[in-house]
*Asks:* 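So that we are looking at the same thing, I have put the structure below in structure tokens.
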Amino acid sequence: MVKVRFAPSPTGYLHIGGARTALVNYLYAQKTGGKFVLRIEDTDENRSTKDMTAAILEGLEWLKIQWDEGPFFQSERKELHQECALKLLERGFAYRCFCSKEEIEERKKRLENPAEWKYDKNCRAISKEESDKRAATEKFVIRCKIPEGKIEWNDFVKGKISFNSSEIEDFVVLRSDGSPTYNLSVVADDYSLGITHILRGEDHISNTPKQLAIYKGLGIEPPLFGHLPLILGKDRKKLSKRHGTTSVIAFKKEGILSLALFNFLASLGTNIDEEKCLSREEIARRFEIEKIKKSSSVFDYDKLLFLNGKLISEMDLNELKEELKNFWEFQEFPDDKALAVTRTRSRTLIELSKNLIPFIKEDFEYDESSLSKIDKEKTSKYFGQFIFHLEKISEWIQDKIEQELRGFAEEKGLKAKDLIHPSRLFLVGKGESPSIFDLFYAMGKEKSLRRLKRGLNFIKSGGKDV
RNA sequence: GGCCCGUUCGUUCAGCGGUUAGGACGCCGGCCUCUCACGCCGGUAACACGGGUUCGAGUCCCGUACGGGCUACCA
């Protein structure tokens with residue numbers, strides 16, 4: 001059975017790149033009926049925090065990327081990792097290295113090009129007896145012995161990838177303080193958890209030969225590897241957790257819907273529909289790991305907004321209401337009619353809620369430029385009568401309102417616009433809104449007339465609210 | 001610098017030896033119209049370059065250029 005994992009290190013919020021990796025793993029597990037494991041790689045004492053762990057879980061939960069097992073914490077599995085290091089040592093695939101950091105630094109500096117430094121295998125030659133003896137009194141690290149030849153694997157995203165062993169140094173698997181190093185922990189955990197496929201960012205490609213060496217040293221079968229192209233920012237640089245604006249939770253706060261982000265992430269590098277939002281189930285059904293692109297893609301916020309806007313206009317109304325609640329700060333909640341006329345012109349929940357405010361809040365301000373555009377003279381002269389006409393309407397629906405408005409305009413020799421524009425400004429405080437008749441209808445007779453009267457007073461008093 | 005990976009419109013996804021190189025976002029224009037959106041219609045725009053292989057190459061191979069990743073007793 002397929003078993004995959006997402007193994008973030010809690011040194012920052014869940015960002016877009018991590019979420020994408022998690023998503024691909026999740027989708028692959030869903031598609032194959034396998035299991036998806038969550039493991040927190042919190043072995044970096046200094047940088048890992050509980051808060052960040054919680055933040056990552058929050059991000060995953062919000063996106064509804066559900067894991068089947070875990071979260072496991074790498075920091076709680078140190079003994080296992082150490083056992084593996086010892087086993088490597090016993091089997092002769094690792095050795096103690098007594099070189100101090102200073103000594104290494106010294107030798108490195110002597111190189112014509114220190115950047116090309118790789119551990120010089122100085123301690124590989126030390127005999128077992130001597131090593132055991134020195135171990136009692138000296139500090140040491142354990143290094144993995146990289147075998148001669150080539151290390152290669154058939155990456156199921158990238159195809160065949162090959163490294164020359166000479167390019168890989170005998171890296172540290174166990175530090176001088178006895179703590180395991182990343183590559184060792186990963187292998188030990190992936191193996192003990194029974195991970196069958198490792199799907200991770202391509203920034204891990206260079207770790208793979210090292211991990212393969214450990215698998216070999218341990219005498220165990222390695223899983224299959226697939227390296228996903230990275231998601232790049234507009235500058236075509238790796239999108240990283242250092243870019244605060246890429247945090248998943250930040251998108252939530254910006255009024256992006258979880259399903260929209262889910263769709264957007266799923267569409268990157270895959271042939272999954274990007275014209276409209278699909279359900280999570282449908283995405284999993286369509287997901288094909290073999291079709292993931294080899295090249296990286298740029299994060300396009302406009303596309304996300306498009307998807308989000310589309311979802312807002314088309315999703316189930318009750319669900320939309322639930323989502324909106326997180327962004328709504330007034331006691332009274334807008335009704336279905338108000339939602340119906342504003343949703344198609346809102347790309348985020350924040351926009352939606354802004355568009356809805358005039359339906360609830362009475363004392364909004366009038367937009368300066370829209371205010372300057374209306375004819376104050378005509379408005380003062382005719383609006384009182386216009387309001388009077390509206391008041392007479394018994395059945396408050398679009399057709400009747402329109403009939404009345406146009407009729408009144410004609411009667412007074414006005415253009416419909418002369419009534420529509422001020423009405424719009426008085427109803428929502430700005431120059432843009434749904435169709436005026438829809439707006440009147442959605443707002444209801446009572447509220448509409450109250451706003452109209454307030455507006456008229458405002459104009460008559462020369463710009464003072466009364 | 002070294003090693004690894006990549007390269008189709010500005011962005012994104014198709015195309016998997018023979019296509020007028022297609023869709024979407026964005027942008028531009030039009031329709032609708034009371035505004036802004038939505039929607040609909042139309043337009044703009046790409047196979048990085050050079051060699052091969054082949055009757056024929058965006059599709060296969062090799063270089064070059066460019067881009068990215070990694071290069072810790074971090075994960």
Side-chain angles (χ1 to χ4, degrees), chain A residues 7-11 41-48 74 97 99-101 104 113-118 139-143 155 157-159 161-164 166-169 171-183 185-186 201-209 227 229-230 232 234 236-238 264 267-276 291 293-307 309-310 313-314 341-347 351 355 370 373 402 405-406 415-421 423-425 428 430-439:
Chain A
S9 59
T11 53
E41 313 223 313
D42 58 346
T43 49
D44 186 332
E45 354 44 68
N46 309 314
R47 298 193 301 154
S48 302
Q74 202 156 59
C97 169
C99 301
S100 71
K101 276 180 187 168
I104 287 177
N113 185 1
E116 282 178 22
W117 164 266
K118 275 185 279 296
K139 285 189 86 171
F140 62 87
V141 297
I142 294 182
R143 287 183 183 272
D155 194 281
V157 174
K158 301 270 189 181
I161 298 181
S162 172
F163 281 81
N164 220 309
S166 60
E167 299 298 336
I168 304 158
E169 72 170 355
F171 62 99
V172 173
V173 291
L174 205 69
R175 299 187 186 97
S176 50
D177 66 358
S179 66
T181 248
Y182 170 70
N183 285 118
S185 304
V186 167
E202 70 177 350
D203 49 342
H204 282 285
I205 286 182
S206 52
N207 283 139
T208 308
H227 290 91
L230 268 17
L232 273 25
K234 278 205 184 73
R236 291 215 150 258
K237 290 264 192 309
K238 177 185 179 183
F264 177 74
S267 77
L268 285 182
T270 70
N271 57 352
I272 281 170
D273 206 319
E274 38 170 324
E275 294 177 34
K276 61 178 184 296
K291 290 210 172 167
K293 289 223 313 178
K294 290 184 163 91
S295 56
S296 35
S297 37
V298 172
F299 184 90
D300 181 5
Y301 193 65
D302 281 332
K303 191 90 178 209
L304 210 210
L305 277 183
F306 163 77
L307 245 21
K310 192 123 178 153
S313 356
E314 295 173 357
V341 297
T342 49
R343 64 192 301 192
T344 55
R345 62 203 77 224
S346 312
R347 298 211 294 179
E351 266 181 51
N355 287 334
S370 310
K373 283 176 197 147
E402 177 162 10
L405 185 147
R406 293 195 190 280
K415 286 181 179 163
K417 287 183 183 183
D418 295 331
L419 296 171
I420 288 173
H421 291 314
S423 293
R424 168 167 293 116
L425 180 65
V428 299
K430 56 179 183 173
E432 306 84 47
S433 85
S435 152
I436 193 67
F437 308 111
D438 284 341
L439 189 58

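Throughout, a chain's letter reflects where its sequence line sits, starting with A, and its residues are numbered from 1.
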*Asks:* Name the closest nucleotide to the A/A115 side chain, picking from B/G2, B/G23, B/G1.
*Replies:* B/G1
*Asks:* Taking the minimum atom-to-atom distance to the side chain of A/S297, which one of B/G6, B/U12, B/C34 wins?
*Replies:*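 Closest nucleotide among those given: B/U12.
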*Asks:* Which nucleotide in the list B/C73, B/C3, B/C13 gets nearest to the side chain of A/F163?
*Replies:*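 When the side chain of A/F163 is considered, B/C3 is the closest of B/C73, B/C3, B/C13.
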*Asks:* In whole Å, what is the span from the CG atom of A/D273 to the C1' atom of B/A24?
*Replies:*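 To the nearest whole Å, that distance equals 9 Å.
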*Asks:* Need one value for A/F306: base, sugar-phosphate or nothing, where a base atom within 4.0 Å counts as base even if backbone is also close, heavy atoms only.
*Replies:*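 It contacts sugar-phosphate atoms only.
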*Asks:* Where the side chain of A/L230 is defined as all heavy atoms beyond and including C-beta, which of B/A75, B/C25, B/G69 is the nearest nucleotide?
*Replies:*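 So the nucleotide nearest the side chain must be B/G69.
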*Asks:* Return the nearest nucleotide to the side chain of A/D300; candidates are B/C5, B/C25, B/C34.
*Replies:*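 Ranking B/C5, B/C25, B/C34 by closest atom to the A/D300 side chain puts B/C25 first.
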*Asks:* Look at the side chain of A/N113 and decide which nucleotide, out of B/C5, B/G1, B/C70, has an atom nearest to it.
*Replies:* B/G1
*Asks:* Determine the contact category for A/S423: base if any of its heavy atoms lies under 4.0 Å from a base atom, sugar-phosphate if only primed atoms, P, OP1 or OP2 are that close, otherwise nothing.
*Replies:* nothing
*Asks:* Using every non-hydrogen atom in the two residues, find where A/R424 and A/P434 come nearest and quote the distance to one decimal.
*Replies:* NH2-O, 3.4 Å
*Asks:* Please pick, from B/G26, B/C5, B/U35, the nucleotide with the shortest atom-to-atom distance to any side-chain atom of A/K158.
*Replies:*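 Looking only at heavy atoms from C-beta outward on A/K158, the closest nucleotide is B/C5.
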*Asks:* Please determine, for the side chain of A/N271, which listed nucleotide (B/G1, B/A14, B/C70) has the closest atom?
*Replies:*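 Of B/G1, B/A14, B/C70, B/A14 is nearest to the side chain of A/N271.
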*Asks:* Whom does B/C55 pair with, Watson-Crick or G-U wobble, provided both distances fall under 3.5 Å?
*Replies:* B/G18
*Asks:* Toward the 5' end of RNA chain B, which comes first, A/S295 or A/P180, by nearest nucleotide?
*Replies:*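 By nearest-heavy-atom nucleotide position, the 5'-most residue is A/S295.
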*Asks:* With a non-hydrogen cut-off below 4.0 angstrom, is A/K291 in contact with a base, only sugar-phosphate, or nothing?
*Replies:* sugar-phosphate
*Asks:* So what does A/L419 touch, heavy atoms closer than 4.0 Å: a base, only the sugar-phosphate, or nothing?
*Replies:* nothing
*Asks:* Should the heavy atoms of other residues, nucleotides or ligands under 6.0 Å from NZ of A/K118 be counted, would the total exceed 12?
*Replies:*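 Atom NZ in A/K118 is crowded, with more than 12 foreign heavy atoms closer than 6.0 Å.
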*Asks:* Using purine N1 to pyrimidine N3 plus N6-O4 or O6-N4 for Watson-Crick, or N1-O2 and O6-N3 for G-U wobble, each under 3.5 Å, what pairs with B/C40?
*Replies:*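 Pair assignment: B/C40 / B/G30.
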*Asks:* Can you tell me if the side-chain N/O atoms of A/R236 get under 4.0 Å from OP1 or OP2 in B/C66?
*Replies:* no
*Asks:* A/E202 side chain: which of B/A75, B/C25, B/C5 is closest?
*Replies:*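 Nucleotide nearest to A/E202's side chain: B/C5.
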*Asks:* Find the distance between OG1 (A/T270) and NZ (A/K291) and round it off to the nearest 0.5 Å.
*Replies:*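 Going from OG1 on A/T270 over to NZ on A/K291, the span is 10.5 Å.
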*Asks:* Does A/K310 put a side-chain nitrogen or oxygen below 4.0 Å from OP1 or OP2 of B/C38?
*Replies:*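 A/K310 to B/C38 OP1/OP2: no side-chain N or O under 4.0 Å.
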*Asks:* Using the side-chain heavy atoms of A/Q74, tell me which of these nucleotides is nearest: B/A75, B/U35, B/G2.
*Replies:*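 Closest nucleotide among those given: B/A75.
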*Asks:* Closest nucleotide of RNA chain B for A/S176 versus for A/E167: which of these residues is on the 5' side?
*Replies:* A/E167
*Asks:* Given the P atoms of B/A21 and B/A57, what is the spacing between them in whole Å?
*Replies:* 14 Å
*Asks:* Does OP1 or OP2 of B/C13 have a side-chain N or O of A/K293 closer than 4.0 Å?
*Replies:*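 Yes, A/K293 has a side-chain N/O under 4.0 Å of OP1/OP2 on B/C13.
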